[in-house]
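Please read the structure below before turning to the comments.
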Amino acid sequence: MNENIIIVDFGSQVTKLIARRVRDFGVFSQIIPFQKLTEKSFKNILVKGLIFSGGPSSVGNENAPKIKKFVYKLNIPILGVCYGLQLICRDFGGKVQLSKEREFGKTKIQILKNSPLLRNVYNNKNQYRVWMSHSDKVIKMPEGFEVLASSTNCSSVIIQSLKDKIFGVQFHPEVVHTQNGDKLLKNFIVDICGCKQSWSMNKFKNKMIESIKNKVGSERVLCALSGGVDSTVTAVLVHKAIKNQLQCVFVNTGLMRKNEVEIIKKLFIKNYNISLDVVDASKIFLNKLKGITDPEKKRKTIGKQFIKVFEKYSKKKKNIKFLAQGTLYPDIIESLSQVGDSKVTIKSHHNVGGLPKKIKFKLLEPLKELFKDEVRKLGKELAISKEFVSRHPFPGPGLGIRILGEISKKKIKILQEADYIYLNLIRKHGLYDKIWQAFCVLLPTKTVGVMGDGRSYEQVCVLRAVTSVDGMTAEAYKFSNSFLEICSNEIINKVKGINRVCYDLTSKPPGTIEFE
């Protein structure tokens, strides 16, 4: 029987990150929304620990998420994160109220006392940086609990009841911005819960192959291939499961990078014995996008058109019942959180929130529980070549969401040329593998310039490059000034239509990686 950590979701946008961190320790985890956690959830599985996620609610609200009382009687170690800490304090007789001094983002905390949770993580001599998130504060600790750390505006940053094996942190240990947060979580999972570190990506691969076989049966599957990491891993994984029942389709939307169609076709045919058809629908996509400037409408238009192309294609190929997509968890959580009470749409991804409400296919999304770096690991398990595994992410809507404002053939051509120069320079300087994602954006404004002793009035190109671990958070890559100058000169001198180049330093959050 597999050891299991149950993560009780109260609607946090980063709940899935906790599950991902647990998997990093070689321990299987599953997320269960708080309202679906029942005594049946614990049957036929070996639950070694519980983690209560954060959430947007205030525990004082009448309709705030609650936990059923039987959970506390299971004698299983519990770690409460943010909202989870406040909920534990309230349920055990403490008092929580709205605080005038809220803390969100990077905060320094002071360790007051050591604990099994903090072993080799923090000591009580120094301050540590954490990613805090709270508008409520505990004003009275429950009986039997003690405070292990505090901050300027929060007296109970870390708490524990050693007798009950219950712990709480008022920050997010799962995000990379929290210093040694992974070590804290590992102490809870491995030392306090006593989990053996036996789960692996190889086991996930084998389990998913069996799951695809059982779900698909004798039906045929159409896989939406873009040539990126996600769709390639999806195609190879599905092919492992059902062999010749799979048909891959690459749709040329007209919104691809320069020479992308030819490059992907050659790479895929060279590396894999999987049936692939290329459908040129560029005229249709550009026609449908004419006059559209709103980014959400762009995404939904592109998503709808993708489905129409696939449905038209499937009519020629009988018995295609499933559509396989390389949907990842960040796609889902940014389109609409699927667990807990979080219902905040950040942006619709073309393959999630951008899909029409009714489609003729059954969806097959074997990667929807994974983050990008985990997909790369899975790709290595599937022996996929580095040419695919190390490719930067490229959005399904393509350049359609990198041309701000209305899309036209002229703008696509301009952006393709600028993007081609930028990425080639990144590769030439040995920076490609150090960057999570790099691309150019064309702004819908023009600026005055001087070119050839004459006045120019052309568009602004923004360079974007970020580093990230999982795509949920990101920092701007720190290029040298000389490199940026080289990029600016090359683009302005060689791309007609651009007379100004800027570099975007915005992190995620508050921004997103893409502009639209």
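Just so you know, these numbers use all the heavy atoms, side chains as well, and skip hydrogens, waters and symmetry mates. What you are looking at is a predicted structure, and each value in this text was computed from that prediction instead of being measured.
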| task | With side-chain contact (heavy atoms from CB on, under 4.5 Å) as the test, would you mind laying out the steps for Val233 and Phe388 before giving the verdict? | result | CA-CA 9 Å; Val233 171; Phe388 284 113; over 6 Å; no
| query | Taking only residues two or more places apart in sequence, or in another chain, which ones meet Phe394 in a ring-ring contact (aromatic ring centres under 6.0 Å, His included)? | reply | none
| said: Using the salt bridge (Lys or Arg N to Asp or Glu O under 4.0 Å) criterion, which residues pair with Lys297? Sequence neighbours excluded. | reply: none
| Lys/Arg-Asp/Glu bridge criterion (N-O < 4.0 Å) met for Asp294, Lys298 | no
| For Lys186, which residues count as a side chain to side chain donor-acceptor pair (under 3.5 Å) partner, sequence neighbours excluded? | none
| query | What do you reckon, is CG of Asn244 surrounded by more than 12 foreign heavy atoms closer than 6.0 Å? | reply | no
| request: Mind checking the CD1-CG spacing from Ile242 to Leu237? Nearest 0.5 Å is all I need. | output: 10.0 Å
List, one per line, each side-chain donor-acceptor pair under 3.5 Å for residues 440-449, sequence neighbours excluded.
residue, atom, partner, partner atom, Å
Thr447, OG1, Asn499, OD1, 3.1
Thr447, OG1, Arg500, NE, 3.0

| task | Measure centre to centre between the rings of Phe250 and Phe268, then say whether the value is under 6.0 Å. | result | no
| note | side chain to side chain donor-acceptor pair (under 3.5 Å) filter on Gln245, not counting sequence neighbours, yields none
| request: May I have all residue pairs that pass side chain to side chain donor-acceptor pair (under 3.5 Å) and include part of residues 460-469, sequence neighbours excluded? | output: Arg464-Asp504
| said: Between the side chains of Asp230 and Lys372, is the shortest nitrogen-to-carboxylate-oxygen separation below 4.0 Å, so that they form an ion pair? | reply: yes
| said: Taking the cut-offs as 6.0 angstrom to the six-membered ring centre and 45 degrees off its axis, would you call Arg455 and Tyr457 a cation-pi pair? | reply: yes
| Should the ring pair Trp199 and Phe204 be called parallel, tilted or perpendicular, given that the plane angle runs from 0 to 90° and is split at 30 and 60? | perpendicular
| remark: The salt bridge (Lys or Arg N to Asp or Glu O under 4.0 Å) partners of Lys203 (sequence neighbours excluded) come to none
| Of all residues at least two apart in sequence or in a different chain, which pass the side chain to side chain donor-acceptor pair (under 3.5 Å) check with Ser231? | Ser226
| So how far is it from Leu286 CG to Gln305 CD, rounded to the nearest 0.5 Å? | 10.5 Å
| query | Counting only heavy atoms not in Lys240, do more than 12 sit closer than 6.0 Å to its NZ atom? | reply | no
Side-chain polar contacts of residues 269-276 - donor-acceptor pairs under 3.5 angstrom, sequence neighbours left out - could you list them?
residue, atom, partner, partner atom, Å
Asn271, ND2, Leu267, O, 2.7
Ser275, OG, Gln247, OE1, 2.7
Ser275, OG, Gln247, NE2, 3.3

| Could you give the distance from CG (Leu367) to CD (Glu365), rounded to the nearest 0.5 Å? | 9.0 Å
| Can we say Lys266 and Glu260 salt-bridge, meaning some charged N sits less than 4.0 Å from an Asp/Glu carboxylate O? | no
| message | Regarding Asp277 and Tyr313, do their side chains bring together a donor and an acceptor under 3.5 Å, going by distance alone? | response | yes
| Please, which pairs that meet side chain to side chain donor-acceptor pair (under 3.5 Å) have at least one residue in residues 278-291, sequence neighbours excluded? | Asp280-Ser282
| Can you find a pair of side-chain heavy atoms, one from Leu323 and one from Lys362, that are under 4.5 Å apart? | no
| message | Run the ring-ring contact (aromatic ring centres under 6.0 Å, His included) test against Phe483 and tell me which residues pass, sequence neighbours left out. | response | His429, Phe479
| So, the side chain of Thr232 versus the backbone of Gly228: is there a donor-acceptor pair under 3.5 Å, distance only? | yes
| Salt-bridged, Lys258 to Glu417, with N to O below 4.0 Å? | yes
| query | Going by the salt bridge (Lys or Arg N to Asp or Glu O under 4.0 Å) test, which pairs reach into residues 380-390, not counting sequence neighbours? | reply | Lys386-Asp433
